[in-house]
Each structure stands twice: as structure tokens, then as C-alpha cells.
Asks: 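This is the structure, below, for whatever I ask next.
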Amino acid sequence: MQTNIPNILFCCIFILLPFVCLNAQEIGNNTEINLDAKERDTIVTVGDSLPLAQTIKATDSILGDSLQPPQKGNQLITDAVKYEAKDYMRISQKENRMFLYNEAQIIYGDMQINAGLIIIDNDKNEVYAYGIPDSTGAYSQKPVFVQGNQTVEPDSIRFNFDTERALVYNSRTQQASFNVKGEVTKRENDSVYFMQNVRFTTDEDLENPDYFFYARRIKFVPDKKIVAGLVNMYLADVPTPLGLPFGYFPLTEEETSGFIIPSFGDSQRGYFLQNGGYYFAISDYVDLLTLGDYYTNGSYAVRLESNYAKRYRYRGNVRIRYENQYQSERGFPDYSERTEYNIQWSHNQDAKANPNSRFNASVNLGSSTYYQNSVNQMNTGNFLTNSLSSSVSYSKTFPGDPQVNLSIAARHSQNTRTQTINMSLPTLQASMTRIYPFAPKTGSKKGLIENINFQYNLRGENQIRTTDSLFFKPEMFKDANYGAQHSIPVSTNFKLFNYLSVSANANYEENWVFKTFEQSYDEFNDEVVIDTINGFDSYRTYNFGASMGTTLYGLKNFGKDKKIQAIRHVMRPSISYNVNPAFDQYYDTYERINPANPLETNMVDYSRFSGTLYGAPGNRFSSSLGLSISNTLEAKVRSKDSTATEPEKISLLNNFSISTAYNLSAEKGQPRLSPIALRGSIPIVRDKLDINVAGNMDIYALDNNNQRTNKLNINNGGSLFRFTNANASFGYSISSKDFEDEGEDENKDNIDNDTYRGGGRRDDLFGKGTDLDGKFYDEEEDPFADEDRPERNDNWYNYKIPWDLRMSYTMTYNNSARQNEITSHSIMFSGDVELSPKWMVGASSGYDLKDLGFTYTQLRFQRDLNTWRLSFNWVPFSERRSWYFFIGIKSAILSDIKYDKRNEPDRRL
């Protein structure tokens, strides 16, 4: 889980400068050295015949002697120390010092110092580490202090063995996301460090950063606290008034609770503080984020977000949002009030948690106008989405033969336009795997009898239909509809003449309901009276069906010397037969006056099961014959690659199908053949563009009331077929990568639109939703974060301009009742262009070719400022006309350092 850092100075937590007392140093290959000023100088150089280490007896100052027990008082070293140097290692008796020169190194335990020059002063009991000038006179081989996973790179180090204090000058280190440089660091003891003139930043260039924070004094107690003096923010070495006079911060390696700094501004509801709150790091498994908004006209919003996870078990998140919005001021005629809320819950169980049971949840419910009226919701895809849905389910598998599967689910669907809500609370489903009673104990099943199988299914549910205004009120449950359905499907399949595949099936259903509806006619009021009868009732139905199909192949060869070498046609014809008996025993009649002739009466059939959960059974016998044929057309063409040994296969037609049905039980004078349905896909650009087409053709004509008659359309002065409706659509995407040669770098910056958060479309044809931190919803990572990106001092000219474009086209024609019109015709597009390694622009829009107008349009601009992010999102017209500007530090640890300004859409409550 990620922690939100509460304020600007929280970055001080990571200014950890670990210095460990040089209590022990190993010299040479487990050889100990004692220094004494009375001994002569000893120089050991590379290539010298002398040993790499020499033992010199000492009188009092001991760096470590494995032959003698440690002495008290002047004891400095308690363990062995390793050392080495490239040029020489010199021991000066006069100065009582040891010198290590050029690529010098000292290792003790988990501590290591590398420097150009290391000096150990035995008189002062101090060690010094410096850099050295190289052949050009530049200062090089600066000290590097490493202990554990901590690294410090100062200009020089001074450490005293007696007091165990250290001074470090111009130290450079990295703590978490920060690069830290301190002018002077003093190690008081193992528990306290003092730093003076410290600056820290997330910029990789510590010597010339885009920005940094400057603290005059810092007291650091490891694993406990940081106390800082005056802290200022600098932009390009220019001080700003942003800062605090002091700060106190507790230290912990775990997630840290803290305040979230709100953003401020003004809107139609007055001045506001937005997205301020507190982050609770409850435990390693769960956290809680509380955010709120307040507007000076009294409007307010509260949001609660919690993430939870347990490894190998589950993970999920919960979001609850509530807004109380006021328009204008109390007492004014245009004053109004609105309440909006939204609840989201996502829970995913790890597949390793339990192989036989699973619990999942995906909830998105709330007021239907939340995404249209929320004052803090920038997801455009949700705004244009017309439905919300939820599902919470638990499933359990009982192994055995047969295996039994059980599931319990609660579902919800909501139309945000009509504000109707359909809920299933709950749905119970149980099923038994197929049983083959006549299958052989060994070997495969063959023939009609051995393939006979059946299974049992149970479905019980409680359905509720309501509206926003009655949601979770007692009236919501008043008209709940509940019942259960049992079904036993029986089927078999076999081969006929080795080429025809035949299948037969029968299905038996029994439906249980707990209330029915009796109908009668009230002559006095001339209306139908419906009485609800509570109590158990049931009805049973059954039907039969059979189908037969085969696959035919056709091949035409043109010769291997031709560009098109062969064409293959695959055809799959099938015929089916279905019978549905009439269940008129479940129907009753009542007599009512004929509205056209009050002197006559008509007998009206009705079923008491009409309006129940699964509806009334059919009271008309039906028998139909179905015909369908699907076609696939492929070609073999000569490859453009001269080294290829095999031709390429391309598709010319994908699954183009023709289907219809003939009603064998139609009454005399009624049309028997249903409209002919056409479906297919036409490949245009391989693996890039397929045009999907669909349509219906009818051979019958319409009467004056636009009803189908038994008269052929061609005999009514028309053509052989009458198009009733048609649709054509395609989606196409193209990018600069499609024109790159193989072997070129494929890791160019390109925003991936396959992921999204908070709902909406997976593509960005509706425009990208902007998050509250200035990112777009699909921008999980920095889109400019490419290892091969030019550094800031490189040429800004981008001779390769990455780009991408996504398009969607749809056209619908309707002529079912002689409309002869195109009901919808539009094209939508979205694209991004990287003008330079640090500039990206994008747009999403569309054009309604029927009504001649632009659809929802969004323009996007992004600028990478190295350590900062700048973005501008603009909707230039429509009822969502608005803009949003953001600039802030990219590092998540300093996400509170930002400036954003927005012009909200003009919402009228």
C-alpha cells in the first residue's frame, strides 16, 4: 500500500545519514598493525617485495592485536580491519600516522570507506578521508561511505575514535526518493546526528536541481524523530516564500499516518478547500484515506477510501463518496439543494486461497446523477456512460461424481438516464455436472445411446425493480418478485454417414412462484382488475429440438508462380428443428365489452402466471425449421519476403453467415419465413481493420399499418428483398510503430490505453478522465519515463515523432416500418502526438454525420519538466465545457506540492 505524505516537510524523514563509529578495522589479510611513534617509517608500495602488511609493536595505542588481550583505556579497535591502496600504504613514525593513497579502501564489518586518500592519526585517534586531484587537476576519488544499504558521498570525512564523533563535509546520499546534500554533518553519538545547511530534492541532478528544499539545521534521531529548523523551497536556486518555521516528524519504516494538504480555489459555489483530510495507516493489511471538500456557500463533500490486502488470500478496495451541493445562496429564487453519493467496492480472492470456493465483488452504485453533477469527478468516460452495475458472488464446488456447483450472488443494474434500478437480492444457482448413464466404463463414447446425458439445474432469485427516489426505502421491497426454476436438460449427439454431425435435445422445466395474479373485468368502471393471490403455485413446461450440420471445403489452385496461388472456401451449413407445445391448461378467460362495438363482448385469455418472475408459459403451439450457413474465404499469396519458403495466408471473409427460420405452425395467411439475417466481418487491413456488417432482409411486404403480410414484396411492386435494418462498424488503430523497421527500439513513450480506473471506456474515444493529482486515469506510470530518453542537456529536437491514432465508426439504417432512414451515423477518434521528448499533445473527439455536429471533444497537453509534471485538459464546448490546469512534483512522496486550477462545467441543479 502506498502512503500519502502529509505535508511539504515530510521529505525530511528521509534525510538519514548513517555514520558508524570506526570501532574496528581489518588491515591486510587478517594481519594486525600497532602504531608507535618510536618506530621508523614503513612504506609498502605496489610491487614491493615487502609483505602487504607488517606488524609493529606498540606501547599503548592499540588498533587491534590478536595475540594479546584487549587493553582498557586507549582501546580503539575491537575487530580486524581490511585495507588496500593502489599506489602505496605508508606508516609515518614521525607523524604517527598511516597513509593509504589512490583508490584506498578500508573495510570493517558491514562498513566500507573508499577514497583517494585515507589517513589514520594515532595521536589524535582520528581517521580522515579525502579526494585527490587527477592528472587534469580536477578533484576526484571523493570519499564514499557505505554501511548496509546506506551510501554517503561527501567531500571529506573526519572521525574521532575517543569521542566517537564524526564530521562530514558536503555529504551526498540517497534516502528513499530523495537525494540529500548536507554542508556539514556531525555525528554526536550512535543516537543523534546534526546537519547544517541541508538541501534535498527528488531531482537526479543534485548539483543543479530544478528545485530543492533548504533546511538550516536538522536534528536526526534514527528510528525516532527528526526536528528541523526553518525550511524553504527553492526553484532553480531562487528562494520562494513556501516553507515552515520548524517541523517535528516521527520516524517509522512502516506506513505513516498524516494530514493531506487541501487545494484551494474558487468555483460557482464560492471559494473552496478541496481534497484535504487525513491518512490512517491502520496496519500492514489495511489503510484508510479520509478526504473532504468545503465551499463557502455551504456545499461540502466527504470521501472515504480504504485498501486492504492479505498475501495469497485476497485484496480489494472500498470507496464511499457523499456530496451535499447547494446552488446559489439561501433566500435567493435560484437556490436549490442536491445530494449525490456513490459506493464502489472491489474484492478479488487469490486463486491459491481455496480451489473449491471463491468470493468476488464488484460494486458501483449510487445516485444516477452522481457522475454528471459531482463537483470533484473528472472521469469523462463515466459521465458518458448510461449504466451502473454491481455483482457480489460466492461460489462453492463440491467435488465428486457427479460434481455439484453452488453459487449465491447479489446483482444490481442501474440506468442513469431513466433512473430505474433492477436488483437481484439474492440469486441462488446450483448445478450438477452431466451424467452419461449409458457410457462405457472404459474407452470413448460412441453412437446415439452412449452419448445420452442429462444434468440438473436450480435457479432461485428475488428480483426488485425500483427507482432512485425509492432506493433502500420500505416501498422498494413491496413489489419484490421471487421464485425458483428447476430444469433438466437431456441431450445426445452422434455422427451420421461419417460426415454429418447430429445432436438432439429435450428440456424439462418446473417453475415455482409464491404469488399469482387473477384478472377480472369491471363493467361499471370499464377496466381490468388484477388481484394478487399470495401462496405457492407452479407450472411445468418442456420442449424438443434437433440439429444437423457438416463442413464443406472448396479449393481452387492458380499455380505457385501466380501472385494469388490458391483460394479456399470453407462452408458450414446446418439445419435445426424445434418444437414448443402449447400449455393452455395454465390459462383462464374473462368476458369484456368490445371497445370497437359496445354491444359485443370478447373472451380474453390470460394466465395467472403473467407478471411472475419467469412469466407465463406459451399457449400457442410452435414448430419451426431453422436454416443457416456460414462462410470463410481465405487465400494463399506469394510472400513479399524473397527468402520465405511458404506463401502467406490472408483472410478475405470472416464468418459471413446467412440464417433464417421457417414457421411450420403458422396460421393460414400469416408469413412463415422470418427475415433473413446477414452477419459477417470483412478484413481490410490485416490484423488492424475489420469491417463488421449486419443486416436483415425480408421477402414479405407491409400492409397499410406497416404490419408484415403473407404477400411477397416482389409481388407488391418492390424488389425481391426488403432491407429492414443494417449496421456497419469498425474500429481502427494506427501508430508510428507500425512504420518502424524491425529491430528498432520498441520502448518509445506511448500512453497505453488498455488500463483504466474508475469506470468509463477502455479506449479514450470519450476523452481521458483526469485524476485529482493531474494524471490521466490510464497513466499508471510516468509516460516520459524511458531509459533511453535524452537528458536535459541533449538536443531537444526529436527527429522521430511518436504518435498514435484510434478511430471508431458506426452507421445504422432502419426501414422496419418504411422509415428508410439512417438513424445513427458517426465517427469518433482519439490520438496523441509526442512533439518532443518532453511535450505530448492529444485530442479526443467525433463527428455526427447524421446531425452534422461534433461530439464530446477534449484537448490534452502534457509537459515533462524533469522532476515536475504540467498538464492542461480542455473541453472547449458542450454542456461539459471546462478546463483543468495542473503543475506538481512527479514524485509520489511530494504529491502535495502542486498547483491546480479548474473551471468546472456549468451545472444547473
Asks: Should Tyr732 and Phe829 be marked as a ring pair (Phe, Tyr, Trp, His ring centres under 6.0 Å) after you check the CA-CA gap, both sets of side-chain angles, and the distance that decides it?
Replies: CA-CA 9 Å; Tyr732 182 66; Phe829 55 87; over 10 Å; no
Asks: Among Asn725, Thr724, Thr660, Asn727, find the residue that satisfies the side chain to side chain donor-acceptor pair (under 3.5 Å) test when tested with Asn696.
Replies: Asn725
Asks: Can you find a pair of side-chain heavy atoms, one from Pro683 and one from Ile650, that are under 4.5 Å apart?
Replies: no
Asks: Could you tell me whether the side chain of Tyr587 and the main chain of Pro617 form a donor-acceptor pair under 3.5 Å?
Replies: yes
Asks: Looking only at heavy atoms, what is the nearest atom pair of Lys850 and Thr823, with distance?
Replies: CD-O, 3.2 Å
Asks: Taking all non-hydrogen atoms of both residues, which atom of Ala701 and which atom of Asn716 are closest, and how far apart?
Replies: CB-ND2, 3.5 Å
Asks: Do you know which two heavy atoms are closest between Ser501 and Lys495, and how far apart they sit?
Replies: OG-NZ, 3.1 Å
Asks: Does a donor on one side chain sit under 3.5 Å from an acceptor on the other, for Asn364 and Ser389?
Replies: no
Asks: Does the plane of the ring in His412 sit parallel, tilted or perpendicular to the ring in Phe471? Use 30° and 60° as the thresholds.
Replies: tilted
Asks: With side-chain contact (heavy atoms from CB on, under 4.5 Å) as the test, would you mind laying out the steps for Thr420 and Gln414 before giving the verdict?
Replies: CA-CA 6 Å; Thr420 58; Gln414 182 174 351; over 6 Å; no
Asks: Can you tell me if Asn692 uses its side chain to pair, donor with acceptor, with the backbone of Ala694 under 3.5 Å?
Replies: no
Asks: Strictly by modelled atom types, are Ser431 and Gln455 linked by a side-chain donor-acceptor pair under 3.5 Å?
Replies: no
Asks: Which heavy atom in Arg608 sits nearest to a heavy atom in Thr516, and how many Å separate them?
Replies: O-CB, 3.4 Å
Asks: Is it the case that the side chain of Thr466 and the backbone of Met476 share a donor-acceptor pair, with hydrogens and angles ignored and the cut-off at 3.5 Å?
Replies: no
Asks: Please examine the side chains of Val392 and Tyr394, heavy atoms only from C-beta on, and report whether any two atoms are closer than 4.5 Å.
Replies: no
Asks: Return the CD1 to OH distance between Ile822 and Tyr813, rounded to the nearest 0.5 Å.
Replies: 8.5 Å
Asks: Is any side-chain heavy atom of Gln349 less than 4.5 Å from a side-chain heavy atom of Asn354?
Replies: yes
Asks: Determine whether Tyr539 and Phe583 make a side-chain contact, defined as any pair of heavy atoms from C-beta on separated by less than 4.5 Å.
Replies: no
Asks: Could you work out, with side-chain contact (heavy atoms from CB on, under 4.5 Å) as the rule, every residue matching Ala817, not counting sequence neighbours?
Replies: Asn706, Gln819
Asks: Met548 versus Ser574: any side-chain heavy-atom pair under 4.5 Å?
Replies: no
Asks: Are the side chain of Arg592 and the backbone N or O of Asn602 linked by a donor-acceptor pair below 3.5 Å?
Replies: no
Asks: Compile the donor-acceptor pairs under 3.5 Å between side chains in residues 398-411 and protein atoms, sequence neighbours left out, one pair per line.
Replies:
| residue | atom | partner | partner atom | Å |
| --- | --- | --- | --- | --- |
| Gln403 | NE2 | Asn405 | OD1 | 3.2 |
| Asn405 | OD1 | Thr397 | OG1 | 3.4 |

Asks: For the residue pair Ser657 / Ser659, report whether a side-chain donor-acceptor contact shorter than 3.5 Å exists.
Replies: no
Asks: Can you find a pair of side-chain heavy atoms, one from Val693 and one from Leu678, that are under 4.5 Å apart?
Replies: no
Asks: Identify, with sequence neighbours excluded, every residue that meets ring-ring contact (aromatic ring centres under 6.0 Å, His included) alongside Tyr809.
Replies: Phe730, His825
Asks: Working to the nearest 0.5 angstrom, can you tell me the gap between Arg620 CZ and Asp584 CG?
Replies: 8.5 Å
Asks: Any donor-acceptor pair under 3.5 Å linking the side chain of Asn713 with the backbone of Ser719?
Replies: yes
Asks: List the residues meeting ring-ring contact (aromatic ring centres under 6.0 Å, His included) with Trp345, not counting sequence neighbours, and say none if there are none.
Replies: none
Asks: How far apart are the closest heavy atoms of Asn422 and Arg465, and which atoms are they?
Replies: OD1-NH1, 3.1 Å
Asks: Determine whether Thr632 and Asn655 make a side-chain contact, defined as any pair of heavy atoms from C-beta on separated by less than 4.5 Å.
Replies: yes
Asks: Can you check whether Gly695's main-chain N or O pairs, donor with acceptor, with Arg679's side chain at less than 3.5 Å?
Replies: yes
Asks: Would the number of heavy atoms belonging to other residues, nucleotides or ligands and lying under 6.0 Å from NZ of Lys688 be above 12?
Replies: yes
Asks: So, using ring-ring contact (aromatic ring centres under 6.0 Å, His included) as the criterion, who are the partners of Tyr662 when residues are at least two apart?
Replies: none
Asks: Identify, with sequence neighbours excluded, every residue that meets side-chain contact (heavy atoms from CB on, under 4.5 Å) alongside Ile449.
Replies: Phe438, Ile452
Asks: Using a 3.5 Å distance criterion without hydrogens, assess whether the side chain of Tyr586 forms a donor-acceptor pair with backbone atoms of Arg540.
Replies: yes
Asks: Show, in sequence, the C-alpha distance, side-chain angles and deciding distance for Leu673 and Tyr700, and conclude whether the side-chain contact (heavy atoms from CB on, under 4.5 Å) test is met.
Replies: CA-CA 9 Å; Leu673 192 68; Tyr700 295 109; 3.8 Å; yes
Asks: Measure across Phe621 and Ser665 and return the closest heavy-atom pair with its distance rounded to 0.1 Å.
Replies: O-OG, 3.4 Å
